[in-house]
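FYI, side chains are in, hydrogens and waters are out, and symmetry mates aren't considered; it's all heavy atoms of this structure. Since this is a predicted model, take the numbers as computed values, not measurements. Residue numbers start from 1 in every chain, and the chains themselves are labelled A, B, ... in the order their sequence lines are given, proteins ahead of strands.
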Protein chains: 2
Amino acid sequence: MRNVLAEETGNETMRNISAAVQEGAAAFLNREYTFLTGFVIIVALVITIFLDWQTAVAFIAGALASGAAGYLGMMVAVRANVRTAAAAQRSLNDGLRVAFRSGSIMGMAVVSFSILGLTILYLAFDGNIAYITGFGFGASSIALFARVGGGIYTKAADVGADLVGKVEQGIPEDDPRNPAVIADNVGDNVGDVAGMGADLFESYSGSIVAAATLGAVLSAGGQSPLAFIGLPFLVAAVGIVSALVGTFMVKTEENATQEDLLNTLRRAVYTASGLVLVLSAIMVPLAGLDFRFWVIILVGLIAGNGIAYFTEYYTSYSEKPTQSIARTAETGSATLIIQGLAVGMLSTVAPVLIVAFAILLSFWLGAAATEGNLTGGLYAVALAGVGMLSTLGVTLATDAYGPVADNAGGIAEMADLPDYVRERTDALDSLGNTTAATGKGFAIGSAVLTALALMAAYTEAARVNNPEFSLNLLDPVMLPGILIGAVLPYLFAALTMTAVGKAAYEIVLEVRRQFREIPGLMEGTGRPDYRTCVGISTQSALREMILPGAMAVIAPLLVGFILGAEALAGMLVGATVSGFLLAVMMANAGGAWDNAKKWIETGQMGGKGSDAHKAAVVGDTVGDPFKDTSGPSLNILIKLMSIVSLVFASAFGSGLL
Amino acid sequence: MRNVLAEETGNETMRNISAAVQEGAAAFLNREYTFLTGFVIIVALVITIFLDWQTAVAFIAGALASGAAGYLGMMVAVRANVRTAAAAQRSLNDGLRVAFRSGSIMGMAVVSFSILGLTILYLAFDGNIAYITGFGFGASSIALFARVGGGIYTKAADVGADLVGKVEQGIPEDDPRNPAVIADNVGDNVGDVAGMGADLFESYSGSIVAAATLGAVLSAGGQSPLAFIGLPFLVAAVGIVSALVGTFMVKTEENATQEDLLNTLRRAVYTASGLVLVLSAIMVPLAGLDFRFWVIILVGLIAGNGIAYFTEYYTSYSEKPTQSIARTAETGSATLIIQGLAVGMLSTVAPVLIVAFAILLSFWLGAAATEGNLTGGLYAVALAGVGMLSTLGVTLATDAYGPVADNAGGIAEMADLPDYVRERTDALDSLGNTTAATGKGFAIGSAVLTALALMAAYTEAARVNNPEFSLNLLDPVMLPGILIGAVLPYLFAALTMTAVGKAAYEIVLEVRRQFREIPGLMEGTGRPDYRTCVGISTQSALREMILPGAMAVIAPLLVGFILGAEALAGMLVGATVSGFLLAVMMANAGGAWDNAKKWIETGQMGGKGSDAHKAAVVGDTVGDPFKDTSGPSLNILIKLMSIVSLVFASAFGSGLL
């Protein structure tokens, strides 16, 4: 961090723009955290009343740790943007290093705050894992609002800025005359840095909590519960060291192609993955555990990379699927939308098969390594999730770096820096778009494994609570539970999509008002009021996130208390499966539309300004809330509902019916 | 039927047009049935080899009965169109009666062929229900290809005709100069008469088969299995009589509003429903069964009407949701698409809750009426499905009547009949659009209940086969099974959507060729070659239906043999739940976009020709394959996979893993 902040900050204009973005980001986070403080206090009280104070303390700790990681990552990101632009004046490599380092701060903050918090709580509560689930719940709560609120903010500001600026007034993107331009730049950080960071903080903490919860009740073949609890912590720890090594491998030559840039990031991730495998191969036998647990970690890592690979395949414009979307632009936007949705739906098949296969394989290995114990199998599924996320320190860095490069490009544009600077930042930004797509695939894949692991931990806890607890698919409440669970992601996606529309509409009105009322704004002599736009984005995003957010917390409690603990398990399965599919479909369709447009802009199908390009712009706009708001928010929905169920497992009975 | 065919057929032009539609429809059905004959023979052989010849005979009988009902319904529909147009020259009431009577022929054919076939088989096989499941499988196979092939045909012809005719050449809809106009009219019958009929034939037969299968192993409190088997047949039988009474209530005044027309159809349906309830109230005690089974029939009927009500609410332009979509047309097609998808997603909530509640209630009543027997609960769920479908004779008539009115309008246009005739047929057509939407809601609701009932019957059969069969949600293969099942509807929807695009493209090429090569076509002196367009539509629809169709049959067999009978149960649950949601979302979003466009055409938001209207046309085009191809095809997918599993239940072991 000191390293990044020591970098040059460029000229006065650049510093002013960056200061405005910093101010906007701080304003958003302060407002959001004020709201969250209230939320956290209320929930902590509810937990204390219904459960115990220890879980409430863990809950607060989880919320604080997640909030702190998000705050730190974002405060660095909004300072690194101007420094990246300044460094890009010197060379592409310098630009890449500054941007990537700032991304790694987010990555390392997430993994280290999580493991630190969990370890302290574990020691403080004398190894009582039940209390520690509160940490995951706290992290989830922050993640929900960071992801949903951030997702609404970023797209509302983006759409609002484009609709009036580009379409109505005909000024280019990132033009400083646009009153919503700062809100747009803030949005990139709010959504893709803070939102993504909180999302993965939750997955990371959740998978460790789930594995530890299941490990605590496990002992087989001379392997102690302590070893089972310890292994996810150990894997996470060696993962942090490996990720750190990986981040130092990122550098490039001046004339690097996109492929070269991508390769340098891949090298970092693969190095980290290799190191994790080597170090875990030492840790697993050291802990006195069966070596098959190492294979399970390998399965998790391969599954994560497999999902990322297919995400890239379906959304990159060098591949057939996205090109097939671009080709339908010839017959208009309707056929392009249909093809995009078809590609999005098709793209769900590979991740689902990978996850299904990873579950089968790790369950089988885990059960075999614990003398046929079913809990051993479930533990293995959770451990595969830990393995998938072990290199998060560096994979998250490749993702959180994107908005910094994007912002740097905006600053270069607004500050009128020479063309070669903009070219360099564009190259970095374009790389960021690719890593953002794979990052989203990774986020949803890990969310599903984490949600399933948490669900397994929940059923363990429910079984302890009620020995007659059974999960027969033909139980009368099970199918209704699954149905209700499966519809929640649809409801959630509908709410978040319309929220973007409402919030964007308010920004459109404000930007129109400024163009109308501020004299000389179009001519560049009047000064736009950036702050009001930031304020409106903040306010409407926070307002719109409350309904879907509350739904995610309340739904499992309602089902658990009214229909009982069995129906709740059904609901979690329904929500996880349906949310997984919808999230992948939406994220990939959105990414593919975006890149289909970019492919056309490279000169295909008539290039920029052609009818095909106009059709592709429609697809891109439809895809915006898909890929940046609703899709990613579903990750949180499914994890949060699982962890709420786990935390309150002991409070649910057999329902009122 | 004699009644309808005795009606006047209008002037020579009208007869010629109708003859062309009849010829096209016959060509399609002949080609389709030729293909299906091969398919049926092969599957019958497979059944004979792996199971027994009795099931194979039942399979062939089911296929024949479904095929015959479809053939009859469609042959009447394509003859009734010209007679409706001629009758509309006399009065609105005459037009309505001819169109509706032809719809009732389809409705009555479906219910009577189904019950007749099932009864004969039941007697022929000495009451061995296991064989009779083959009848449902046969019906499903025909339904699959009728729905998928018909759905692809109708939209490919529609899009192909519009794209070249309306957009490129600027001639109005239903213009006889358009070479694809006959194919378009054939498509309405192929998709909405034959496809819908086969779909509901399958639901109808499937729900009876499922109830009878479960009833056969049920005896409690002095109630005999024979009574349990008999009740679904009795309910279906009184339903046929009630539907017949209902159909005779359809008549209207000359100056009827849309509301009046809708009310006359509603009166018919409600009368039939009331009669079913009265007659069942006599039948249930007569059969020696607990009176709670009557309440279960009531639950099914209410659930069906509830789903239909909400479908109408979300897709009618007199209601808020569709108007909210139309309003977003102001900011362009992208926001309209987003809002339409959001409304489609939101519209899944009510049907899911209705189905979940219906399952809970009927299960609880059924178990209570059989001394707490779980199979009694499952039987009740199947019986609720039978109750929902009991009035199918008349509900299907309100649906199958639509394309006849639509075609009649086309004929009035092409034959240049006076304006007041077109006004009358337009009124009838518009009514048909509303009933089509509710019909789709009804079709998917009944498909879900039928699929669940078949699934329950499957688990019963699997339990007989293997006493250790258990359906624990945490079984290692269960979650992968659910995941794989849930992704199949996405794959299926993606395949059918792209199939429409491919088939439409071939028609576009042919229509363009004809406009280019046939001299005097635009001037009305050259004669378009309708037959080639019909041939291309037929050929490409049949070709494109094979891959998704084969998938639906093969997927359950693969999972059953490789992952085992338990994973297959998981797959069925995953597919049913995910397919339900996707089908409702797609059908309702499509219907809402269609009607949002129609609302704008009534003069709202600037009316026809405005920018808002152009945006709404994009939404309508996206919605076409949603509501007429992929959405309805999913009904079949989920039912077919359940019945394949049921038929082959005895052949699955514990899998290869």
Applying a strict 4.5 Å limit to non-hydrogen atoms, the region of A/Leu336 in contact with chain B is neither
Report yes if the side chains of B/Val508 and A/Thr331 come closer than 4.5 Å at any heavy-atom pair, otherwise no.
no
4.5 Å side-chain heavy-atom contact, B/Leu346 and A/Leu491:
yes
Choice from [options] maximising heavy atom contacts with chain B below 4.5 Å:
options                                : answer
A/Leu582, A/Thr496, A/Val448           : A/Leu582
A/Thr335, A/Ile482, A/Val500           : A/Ile482
A/Asn472, A/Leu341, A/Asp624           : A/Asn472
A/Asp620, A/Leu495, A/Val349, A/Leu452 : A/Val349

Which pair of non-hydrogen atoms, one from [X] and one from [Y], has the smallest distance, and what is that distance?
X        : Y        : result
A/Val352 : B/Ile484 : CG1-N, 4.2 Å
A/Tyr490 : B/Met345 : O-CB, 3.5 Å
B/Ala356 : A/Pro480 : O-CG, 3.7 Å
A/Leu581 : B/Ser578 : CD1-OG, 4.2 Å

Where do A/Leu479 and B/Thr576 land on the side-chain contact (heavy atoms from CB on, under 4.5 Å) test, with the steps shown first?
CA-CA 10 Å; A/Leu479 272 172; B/Thr576 305; over 6 Å; no
Which residue pairs pass the salt bridge (charged side-chain N to carboxylate O under 4.0 Å, His left out) test with at least one member in residues 491-503 of chain A, sequence neighbours excluded?
A/Lys502-A/Glu544
Interatomic distance, A/Ile338 atom CD1 to B/Thr621 atom OG1 [nearest 0.5 angstrom]
7.0 Å
Residue part contacting chain A, namely of [X], when any heavy atom lies under 4.5 Å:
X        : value
B/Phe357 : neither
B/Val573 : side chain
B/Leu488 : neither
B/Tyr505 : neither

Step through the shown structure and confirm whether more than 12 heavy atoms of other residues, nucleotides or ligands are within 6.0 Å of CD on B/Glu330.
no
Greatest number of non-hydrogen atom pairs under 4.5 angstrom with chain A, of B/Ala494, B/Ala334, B/Pro476, falls to B/Pro476
